[in-house]
**Student:** 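Got a structure here, written out as structure tokens. Questions coming.
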Amino acid sequence: MPSSRRPIIVISLIGLAALAAYAWHANRAPQPAKSQLAAAAQRAGGGSGAAQAAPVTIETHTVQSRALLDDVSAVGSLVSNESVVLRPEVSGRIEAIRFRDGEAVRRGAVLVELDAAVQRAELQQARASLTLADSNFRREVARAGLALAQARLARMQIRAPFDGVVGIRSVSPGDFVKDGDALINLEDIATLKLDFRLPELYLDRVRPGQVLEVTSDVLPGETHAATVEAIDPLVDAQGRAVRLRASLANPELRLRPGVFARVRLIL
């Protein structure tokens with residue numbers, strides 16, 4: 001081996017020996033406990049290899065005391081406060097119709113007049129007979145005949161039995177009608193009735209005077225107040241439901257009979 005390479009080999013061997021001695025000394029040195037490392041990491045503000053936890057958002061509300069309504073919902077139908085189909089008591093020919101379709105009429109107003117020529121003649125005859133009567137007995141008979149003639153004449157006029165709105169007629173002047181034929185319907189809708197049903201389990205919890213909230217699709221977004229008026233004493237054996245009737249004011253006539261309604265009863 002040439003003499004010029006010997007110093008390099010010696011230096012390399014000395015370096016390797018020094019590295020081996022350092023590694024042996026480092027492996028024999030005591031290691032810090034895991035708990036000490038974790039504590040040191042926490043003191044440094046960091047986790048053991050994990051990101052610091054994010055803050056938690058909290059919402060607060062002030063506690064208040066209030067009453068909770070106990071209620072039940074149902075569906076029902078609106079009904080006229082009063083409803084009638086006017087029919088003649090005698091047969092005859094219609095002489096005049098004194099209303100317009102859908103018009104509001106007052107109680108006692110003449111709606112339909114039948115031809116009363118015969119009845120008017122009978123009335124005049126009865127009055128003449130009363131005038132000519134010369135004894136008490138004959139005067140009594142004449143007065144009875146006069147009253148009968150007046151009654152027959154009155155039956156030739158069909159009057160409104162209450163304030164309301166007439167419907168759409170299907171007869172015209174000149175039509176011959178028989179006694180009992182339907183002429184026109186009359187509805188009192190300034191106040192409406194509301195009929196609905198509830199399951200029988202609520203029977204002990206409902207009573208007249210309870211408040212209702214009524215809504216309808218014909219007036220969306222509007223709520224109307226109603227009051228329970230009556231409870232049917234008979235429970236429907238098939239549906240196991242009790243029928244109730246309420247009333248609500250309808251001064252502007254915006255709601256109509258037959259309309260579907262949703263009911264919320266405050267128990």
**Student:** In the hydrophobic cluster built from side-chain contacts under 4.5 Å, what are the other members alongside V63?
**Tutor:** none
**Student:** Could you check D175 against R93 for side-chain contact (heavy atoms from CB on, under 4.5 Å), going step by step and ending with a plain yes or no?
**Tutor:** CA-CA 6 Å; D175 282 344; R93 193 172 303 280; over 6 Å; no
**Student:** Side chains of I189 and N81: closer than 4.5 Å at any heavy-atom pair?
**Tutor:** no
**Student:** Y202 vs L265, test: side-chain contact (heavy atoms from CB on, under 4.5 Å). Steps then yes/no.
**Tutor:** CA-CA 11 Å; Y202 292 102; L265 171 62; over 6 Å; no
**Student:** For R107, enumerate each residue passing the salt bridge (Lys or Arg N to Asp or Glu O under 4.0 Å) test, keeping only those at least two apart in sequence or located in another chain.
**Tutor:** none
**Student:** How is the hydrophobic cluster of L186 composed, in terms of its other members, when Ile, Leu, Val, Met, Phe, Trp and Tyr link through side-chain heavy atoms under 4.5 Å apart, directly or indirectly?
**Tutor:** V84, L86, V90, I94, I97, F99, V105, L111, V112, L114, M156, I158, F162, V166, V171, V177, L183, I184
**Student:** Mind checking what makes side-chain contact (heavy atoms from CB on, under 4.5 Å) contact with A182, not counting sequence neighbours?
**Tutor:** V85, R87
**Student:** Can any side-chain N or O of E222 pair as donor or acceptor with the backbone N or O of L219 at less than 3.5 Å?
**Tutor:** no
**Student:** Could you check if a side-chain atom of T227 sits within less than 4.5 angstrom of a side-chain atom of V211, using non-hydrogen atoms only?
**Tutor:** no
**Student:** Kindly say whether A237 contributes a backbone atom to a donor-acceptor pair with the side chain of R240 at under 3.5 angstrom?
**Tutor:** yes
**Student:** Just wondering, do I231 and V206 contact through their side chains at under 4.5 Å, heavy atoms?
**Tutor:** yes
**Student:** Examine the side chains of Q125 and R127 and answer whether a donor and an acceptor come within less than 3.5 Å of each other.
**Tutor:** no
**Student:** Verify, without hydrogens or angle tests, whether R197 (side chain) and V242 (backbone) share a donor-acceptor contact under 3.5 angstrom.
**Tutor:** no
**Student:** In terms of side-chain geometry, is the basic nitrogen of R256 or E187 positioned less than 4.0 Å from the acidic oxygen of its partner?
**Tutor:** no
**Student:** If we only count heavy atoms from C-beta on, is the L153 to R120 side-chain gap below 4.5 Å?
**Tutor:** yes
**Student:** Looking only at atom types and distance, does a side-chain atom of E122 sit under 3.5 Å from a main-chain N or O of Q119, one as donor and one as acceptor?
**Tutor:** no
**Student:** Return yes if a side-chain donor-acceptor contact under 3.5 Å exists between E229 and S247, otherwise no.
**Tutor:** yes
**Student:** Looking only at atom types and distance, does a side-chain atom of N250 sit under 3.5 Å from a main-chain N or O of A190, one as donor and one as acceptor?
**Tutor:** no
**Student:** Look at the side chain of E200 and the backbone N and O of D236, then say whether any donor-acceptor pair between them is shorter than 3.5 Å.
**Tutor:** no
**Student:** Please go through L234's hydrophobic cluster and name the other residues, only I, L, V, M, F, W, Y counting, with side-chain heavy atoms under 4.5 Å joining them.
**Tutor:** none
**Student:** Taking C-beta and beyond as the side chain, do D188 and S80 meet within less than 4.5 Å on heavy atoms?
**Tutor:** no
**Student:** Do other residues, nucleotides or ligands put more than 12 heavy atoms under 6.0 Å from the CG atom of D70?
**Tutor:** yes
**Student:** Taking only residues two or more places apart in sequence or in another chain, which ones pass salt bridge (Lys or Arg N to Asp or Glu O under 4.0 Å) with D195?
**Tutor:** R243, R245
